[in-house]
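For reference, the structure discussed in these notes is given below.
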Amino acid sequence: MDVVGDLLPFLAMVIVQFGFAGMNITSKLAMDSGMKPLVLVSYRQIFATIAMVPFAYFFEWKTRPKITKTLLLQIFLCSLTGVTGNQVFYFVGLENSTPTIGCALTNILPAVTFILAVLLRQESVGIRKISGQAKMFGTIICVAGAMLLSFYHGPIINIGESSIHWKYADDMGSSSSASKSNFILGSLFIMASAICWAIWFTLQVKVSDKFPAPYTSTFLMCFMGSIECVVIALGANHELSQWSLRSPGRLVAALYAGVVCSALAFSLTSWSIQKKGALYVSVFSPLLLVIVAVLSWALLREKLYVGTAVGSVLIVAGLYAVLWGKDKETKVKVFEEIEAWKGEKGDVELQLPANSYGNNAAHAAN
């Protein structure tokens, strides 16, 4: 057993989940203090672009394929969906909800990706197979959990009060901006973010096949996304005071989101996928929900409702069902390909003696 080989990817993904949890907390506090979500997204992309420059240069400047106009168009479409659409919708949704709801709803991503793949005929349902049934029922459970979490709160679950008193968080939590939240609208925006992210997955597959340079591709997406986000943000936020980073909370939120959650998180996730595969990385998603729920309760005094708890459990259960079905389907395909290869090999071996016999007979006749 390779302890180091198993431990390092595990630690990397735990660090990534803690990193994203910190982003949800710091971003929520920054927006509660008056920072506009579109401005925060713009700064995130600017800092992410700067942070990706050394990765793209030092790791890929020798091996980077040629950048064509067609490739740039495809990366532009990826930036519109995976960067601009995904993050604009998510941060606007986060402003109108809570970090726990935001993290819970992002777990519907595999289900949304599966639905889009079926609609685009990139994947079949396979309802007669147990893997297809798992993906279908997992998707239904995910959607049901998302609907419950979005439209039903129910009574508060009494888990006591946190003994941690963070004055800055207490001040922001009592501000007037926090009371203007629209939880239904926020949930809908976060689900729209997941849809944009799922569309990005389908587009990114083609980009990765034609351009196997992930750091350069990410740098270009962040660069294009920063321009798109700034244009959108300037259209909605004209006053220069709204773009000020003099407040430590705003500066920390923007730097943290760009450097930790774009550059560092992408690098660690890409390395973990290379070592352990995409499914291994996916199963860590619910850990983010747990971390954020605990931190939100401890630092932000967030209340836990029955609808939020039950909906989150349903979403996580559906997530694992979809992932299990996908893993089962992949293993079956690999097994079928191996059996087909063995069959072709056997046919070739059977034909060789016959051909040899025919050649020997021809030589004898001559």
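What's counted below: heavy atoms across the whole structure, side chains too, no hydrogens, waters or symmetry copies.
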Is there a side-chain contact between Ser226 and Ser42 in this structure, where contact means two heavy atoms from C-beta onward sitting under 4.5 Å apart? no
Can you check whether Ile46 reaches Val230 side chain to side chain, under 4.5 Å on heavy atoms? yes
4.5 Å side-chain heavy-atom contact, Lys36 and Val41: no
Using 0.5 Å steps for rounding, measure from the CE atom of Met52 to the OG atom of Ser217. 9.0 Å
Taking every non-hydrogen atom, the tightest pair across Met221 and Val83: O-CG2, 4.0 Å
Are Leu71 and Phe219 connected in a single hydrophobic cluster, I mean Ile/Leu/Val/Met/Phe/Trp/Tyr linked by side-chain heavy atoms less than 4.5 Å apart? yes
Less than 4.5 Å apart, any side-chain heavy atom of Met147 and any of Tyr152? no
At their closest point, which heavy atom of Ser79 faces which heavy atom of Gly225, and how far apart are they? CB-N, 4.1 Å
In Å and rounded to the nearest 0.5 Å, what is the CG to CG distance from Leu314 to Leu319? 12.5 Å
Audit row: Asn86, Trp200, side-chain contact (heavy atoms from CB on, under 4.5 Å) steps and yes/no: CA-CA 9 Å; Asn86 168 46; Trp200 175 81; over 6 Å; no
Tell me if the CZ atom of Phe223 is crowded by more than 12 foreign heavy atoms within 6.0 Å. no
Would you check, one step at a time, whether the test side-chain contact (heavy atoms from CB on, under 4.5 Å) holds for Leu289 with Ser312? CA-CA 8 Å; Leu289 173 59; Ser312 299; 3.7 Å; yes
Without swapping roles, check the side chain of Glu95 against the backbone of Pro37 for a donor-acceptor pair under 3.5 Å. no
Which atom of Ser241 lies closest to which atom of Arg250, heavy atoms considered: O-NH1, 3.8 Å
According to a 4.5 Å side-chain heavy-atom criterion applied to Ile, Leu, Val, Met, Phe, Trp and Tyr, with indirect links allowed, do Tyr320 and Val290 form part of one hydrophobic cluster? no
Nearest heavy-atom neighbours spanning Ala236 and Leu38: CB-CD1, 3.8 Å
Between Gln17 (side chain) and Ile291 (backbone), is there a donor-acceptor pair under 3.5 Å? no
Rounded to the nearest 0.5 Å, what separation is found between the CD1 atom of Ile67 and the CG atom of Leu220? 5.0 Å
Rounding to 0.5 Å, atoms CH2 (Trp197) and OG1 (Thr106) come to a distance of 11.0 Å
Spell out, yes or no, whether Val53 and Phe211 are grouped together once hydrophobic residues are joined by side-chain heavy atoms under 4.5 Å, including indirect joins. yes
Under a 4.5 Å side-chain heavy-atom rule over Ile, Leu, Val, Met, Phe, Trp and Tyr, are Tyr215 and Leu72 clustered together? yes
Working note: Gln74 + Leu203, criterion side-chain contact (heavy atoms from CB on, under 4.5 Å); need CA distance, chi angles, decisive distance, verdict. CA-CA 8 Å; Gln74 292 175 338; Leu203 297 173; over 6 Å; no
How far does CZ of Phe91 sit from OG of Ser193, to the nearest 0.5 angstrom? 9.0 Å
Hey, quick one: are Val143 and Ile199 part of the same hydrophobic cluster, counting side-chain heavy atoms closer than 4.5 Å, chains of contacts allowed? yes
Strictly by modelled atom types, are Glu228 and Gln45 linked by a side-chain donor-acceptor pair under 3.5 Å? no
For Leu73 and Thr70, what are the C-alpha separation, side-chain angles and deciding distance, and is it a side-chain contact (heavy atoms from CB on, under 4.5 Å)? CA-CA 5 Å; Leu73 176 60; Thr70 302; 5.7 Å; no
Residue pair Ile184 / Phe151, side-chain heavy-atom distance below 4.5 Å: yes
Backbone N or O of Leu240 within a donor-acceptor pair of the Ser244 side chain at under 3.5 Å? no
Looking only at atom types and distance, does a side-chain atom of Tyr256 sit under 3.5 Å from a main-chain N or O of Gly19, one as donor and one as acceptor? yes
Heavy-atom pair with the smallest gap, counting every atom of Arg44 and Phe20: NH2-CE2, 4.4 Å
How close do Ile141 and Gly318 get, heavy atom to heavy atom, and via which atoms? CG2-N, 3.9 Å
I'd like to check Leu268 versus Met13 (side-chain heavy atoms, cut-off strictly below 4.5 Å). Are they in contact? no
To the nearest 0.5 Å, atom CE of Met224 lies from atom CG of Leu80 at 9.5 Å
Evaluate the side-chain proximity of Leu11 to Val14: yes if any heavy-atom separation is below 4.5 Å, no if none is. no
Can you confirm whether Ile130 is buried at CD1, in the sense that more than 12 heavy atoms of other residues, nucleotides or ligands lie under 6.0 Å from that atom? no
Parallel, tilted or perpendicular: which describes the rings of Tyr43 and Trp243, with under 30° parallel and over 60° perpendicular? perpendicular
Under 3.5 Å, is there a donor-acceptor pair between the side chain of Thr26 and the main chain of Met23? yes
Lys28 side chain to Ser296 main-chain N or O, any donor-acceptor pair under 3.5 Å? no
Taking the six-membered ring for Trp, is the centroid-to-centroid distance between Phe10 and Phe284 below 6.0 Å? yes
